[in-house]
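One structure below.
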Amino acid sequence: MGRDTIADIITSIRNADMDRKRVVRIVSTNITENLVKILLREGFIENVRKHRENSKSFLVLTLRHRRNRKKPYRTYRKKPYRTYRNSLNLKRISRPGLRIYSNYQRIPRILGGMGVVILSTSRGIMTDREARLEKIGGEILLYIW
């Protein structure tokens, strides 16, 4: 069984953001580099640098924290759950057990276009806006808002 590298990246970024850590270190692969370039271009992370230890390459991400962010608060309904205000939200859509594909006309809009959908297309990994402009569909990797 292989590992889901995209889910690992998302989880490490999400956990670092919730703990208000400034720096995250992830393993460098072609997919991770392309995803990080998109995150950097869209403004979700502040800086990226490549770090090499022994024979392994890592990407060191500097996260951009939002202003006036408060600690997580807890609300109680039927089942207690945590809601995090002003945190970075990343959601994995297509996964190894269930691939989700979409043509360019049916790519979802997150928060009315305020969020970003990242797709894997035949022309590489790109955002939903780029895919709509090029009129190309693909596998929906993740949502960011």
Side-chain angles (χ1 to χ4, degrees), residues 1-102 104 106-121 123-133 136-145:
M1 278 173 97
R3 291 185 56 151
D4 189 7
T5 57
I6 298 171
D8 292 342
I9 294 165
I10 291 171
T11 303
S12 59
I13 292 172
R14 187 185 308 123
N15 289 341
D17 186 59
M18 283 194 289
D19 287 344
R20 293 191 199 172
K21 292 190 177 178
R22 188 90 172 135
V23 176
V24 181
R25 192 176 93 162
I26 58 174
V27 178
S28 177
T29 62
N30 289 336
I31 294 173
T32 58
E33 287 181 14
N34 290 331
L35 285 175
V36 166
K37 283 179 188 175
I38 290 175
L39 290 174
L40 184 65
R41 191 173 59 223
E42 294 292 326
F44 291 106
I45 58 177
E46 199 171 294
N47 192 11
V48 180
R49 73 175 191 271
K50 205 163 191 176
H51 179 68
R52 191 163 178 87
E53 260 183 41
N54 300 331
S55 63
K56 293 186 179 181
S57 294
F58 295 98
L59 293 174
V60 180
L61 311 178
T62 306
L63 298 180
R64 175 169 293 180
H65 291 290
R66 298 190 173 122
R67 294 181 186 165
N68 300 328
R69 185 162 155 206
K70 299 185 179 172
K71 288 190 177 180
Y73 63 93
R74 197 168 193 152
T75 58
Y76 290 96
R77 292 188 184 169
K78 289 183 180 179
K79 292 182 179 179
Y81 68 97
R82 285 187 180 180
T83 56
Y84 295 96
R85 213 178 334 153
N86 293 330
S87 63
L88 179 64
N89 293 306
L90 300 150
K91 185 176 181 185
R92 177 82 158 117
I93 302 303
S94 184
R95 51 193 170 89
L98 179 64
R99 304 288 186 181
I100 307 294
Y101 297 95
S102 175
Y104 77 95
R106 294 191 179 179
I107 297 172
R109 294 184 191 272
I110 306 302
L111 292 177
M114 296 296 290
V116 178
V117 178
I118 296 181
L119 298 140
S120 176
T121 67
R123 295 185 193 158
I125 295 176
M126 60 179 66
T127 63
D128 55 337
R129 287 179 224 115
E130 296 167 349
R132 283 191 197 98
L133 284 174
I136 187 169
E139 181 183 354
I140 300 174
L141 296 178
L142 57 118
Y143 296 157
I144 307 170
W145 69 96

Considering residues at least two apart in sequence or located in another chain, which fulfil the side-chain hydrogen bond (donor to acceptor under 3.5 Å, both in side chains) criterion with [X]?
X	result
T127	none
R109	none
S28	E33
T121	none

Hey, could you give me the [atom1]/[atom2] distance between [X] and [Y], rounded to the nearest 0.5 Å?
X	Y	atom1	atom2	answer
L90	I13	CG	CD1	6.0 Å
S120	M126	OG	CE	9.0 Å
E139	L141	CD	CG	5.5 Å

Going by side-chain contact (heavy atoms from CB on, under 4.5 Å), name the residues that satisfy it together with [X], two or more places apart in sequence or in a different chain.
X	value
I110	V117, Y143, W145
N34	K37, I125
K56	F58
E46	R22, T62, R64

Taking salt bridge (charged side-chain N to carboxylate O under 4.0 Å, His left out) as the definition, give me every residue that meets it alongside [X], ordered by chain and number, with sequence neighbours left out.
X	result
R14	none
R95	none
R129	E42

Flag the pair [X] / [Y] as yes when at least one side-chain heavy-atom distance between them is below 4.5 Å, and no otherwise.
X	Y	value
I38	I144	no
L59	R25	no
V116	F44	yes
V24	I45	no

Would you say the side-chain atoms of T32 pair up with the backbone N or O of V27, donor to acceptor, closer than 3.5 Å? yes
Applying side chain to side chain contact (heavy atoms under 4.5 Å, CB included), run through L142 and L35 and close with a yes or a no. CA-CA 10 Å; L142 57 118; L35 285 175; 4.2 Å; yes
Correct closest heavy-atom pair for S102 and I107 would be OG-N, 3.4 Å
Of the non-hydrogen atoms in R132 and P108, which two are nearest, and what is the gap between them? NH2-O, 3.3 Å
